[in-house]
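First the structure, in the form of structure tokens, and then the observations on it.
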Amino acid sequence: MEEKFSRLIFIPIAAVIFLMIGYQYVCPADSNTCNFRGHEKGLVQQRLPAFDSLYSEPEPDEDFPAKITSKFNFTERDLDRHVDFNIRGDDVMVFLHIQKTGGTTFGRHLVKNIQLEQPCDCMSGQRKCTCHRPGKAESWLFSRFSTGWSCGLHADWTELTSCVPVVMNKKDKKNAQKSKK
């Protein structure tokens with residue numbers, strides 16, 4: 001009899017725990033995906049008016065512009081940074097491909113759709129594009145679609161910092177030898 005009673009208690013308790021865990025996956029605490037809305041306020045706020053003062057939005061101040069808060073730790077200086085890329089000089093743009101972040105699509109757009117003085121030349125049927133500087137046979141782009149996987153598949157920052165100068169120097173020496181001949 002006791003075993004039957006413990007089974008009867010275990011099933012509802014397990015179901016409640018399962019539903020609570022499932023609810024946390026569907027409706028995390030920091031998101032607004034599962035607001036139980038009545039007319040104007042959420043379910044909890046309808047029952048407890050004391051929550052109005054805790055969760056109310058601050059009134060916008062007309063004298064100060066609205067400040068956008070970010071959950072990332074970038075300073076305004078980091079976000080408002082301007083970099084001059086000199087395609088005619090020695091600057092090289094290195095594309096660090098991070099897996100599962102849309103890097104393949106971005107890499108294709110980088111070689112096919114970039115608006116530069118001399119964009120990359122992509123022939124149909126070829127995997128790599130030639131991205132030469134204006135008037136030179138040097139490449140300004142180091143990416144999968146211009147140089148291939150020269151430093152390995154999905155090379156990280158450490159691998160790229162040691163590999164890119166070596167690969168670019170080899171290519172520059174080959175081009176220098178070809179021009180001499």
Side-chain angles (χ1 to χ4, degrees), residues 18 20-35 57-58 60-61 63-181:
F18 177 76
M20 288 172 52
I21 292 171
Y23 179 77
Q24 287 300 313
Y25 277 109
V26 175
C27 304
D30 293 341
S31 74
N32 292 330
T33 56
C34 295
N35 289 335
E57 291 291 323
D61 195 358
D63 296 337
F64 298 105
K67 183 177 181 182
I68 299 172
T69 57
S70 174
K71 62 181 178 179
F72 303 111
N73 294 328
F74 296 115
T75 63
E76 280 191 45
R77 183 176 172 222
D78 291 335
L79 297 174
D80 199 25
R81 181 177 58 187
H82 296 282
V83 178
D84 292 325
F85 179 71
N86 185 3
I87 193 170
R88 292 185 172 273
D90 293 331
D91 293 349
V92 175
M93 188 180 298
V94 179
F95 176 57
L96 173 61
H97 186 148
I98 301 171
Q99 298 179 44
K100 303 296 180 193
T101 59
T104 301
T105 304
F106 180 76
R108 280 193 198 119
H109 285 294
L110 192 60
V111 294
K112 291 184 178 182
N113 301 329
I114 194 164
Q115 301 289 325
L116 284 175
E117 186 177 340
Q118 183 172 343
C120 297
D121 184 26
C122 300
M123 301 289 182
S124 60
Q126 289 184 343
R127 291 186 180 178
K128 291 191 234 176
C129 302
T130 54
C131 302
H132 291 293
R133 298 181 191 281
K136 296 180 183 177
E138 297 175 359
S139 182
W140 58 267
L141 178 65
F142 190 91
S143 77
R144 165 190 175 185
F145 293 103
S146 63
T147 58
W149 295 107
S150 302
C151 295
L153 186 68
H154 297 291
D156 64 3
W157 175 256
T158 308
E159 292 169 328
L160 285 176
T161 54
S162 62
C163 174
V164 170
V166 173
V167 172
M168 294 303 283
N169 286 337
K170 283 181 184 177
K171 289 190 177 217
D172 289 344
K173 287 178 184 176
K174 285 181 184 178
N175 290 337
Q177 290 172 356
K178 287 180 185 178
S179 63
K180 287 179 183 177
K181 291 180 181 178

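Start at 1 with the first residue, then count along the sequence.
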Are the side chain of R144 and the backbone of W149 linked by a donor-acceptor contact shorter than 3.5 Å?
no

For N86, does its backbone N or O pair with a side-chain atom of D91 as donor and acceptor, under 3.5 Å?
yes

Just by distance, do the side chain of S143 and the backbone of G107 share a donor-acceptor pair under 3.5 Å?
no

Correct closest heavy-atom pair for L141 and S146 would be O-OG, 2.9 Å

Tell me, do F145 and C131 make a side-chain contact under 4.5 Å, heavy atoms counted?
no

Smallest separation among heavy atoms of M168 and F142, with atom names
SD-CD1, 3.7 Å

Other residues, nucleotides and ligands only: do more than 12 of their heavy atoms fall within 6.0 Å of NZ on K136?
yes

Exam field: side chain D80 to backbone E76, donor-acceptor pair closer than 3.5 Å
no

Scanning both residues in full, the closest heavy-atom pair of R133 with I87 reads NH1-O, 2.9 Å

Looking at every heavy atom in both C122 and V111, which two are closest together, and how far apart are they?
SG-O, 3.8 Å

Angle between ring planes, H154 versus H97, binned at 30° and 60°: parallel, tilted or perpendicular?
perpendicular

How far apart are the closest heavy atoms of F85 and M93, and which atoms are they?
CE1-N, 3.8 Å

If I take atom CG from residue L160 and atom CH2 from residue W157, how far apart are they, to the nearest 0.5 angstrom?
8.0 Å

Minimum side-chain heavy-atom gap T147-V167 below 4.5 Å:
no

Could you report the tightest heavy-atom contact between N113 and H109, atom names first, then the distance?
ND2-ND1, 2.6 Å

With respect to the side-chain SG atoms, do C129 and C120 come within less than 2.5 Å?
no

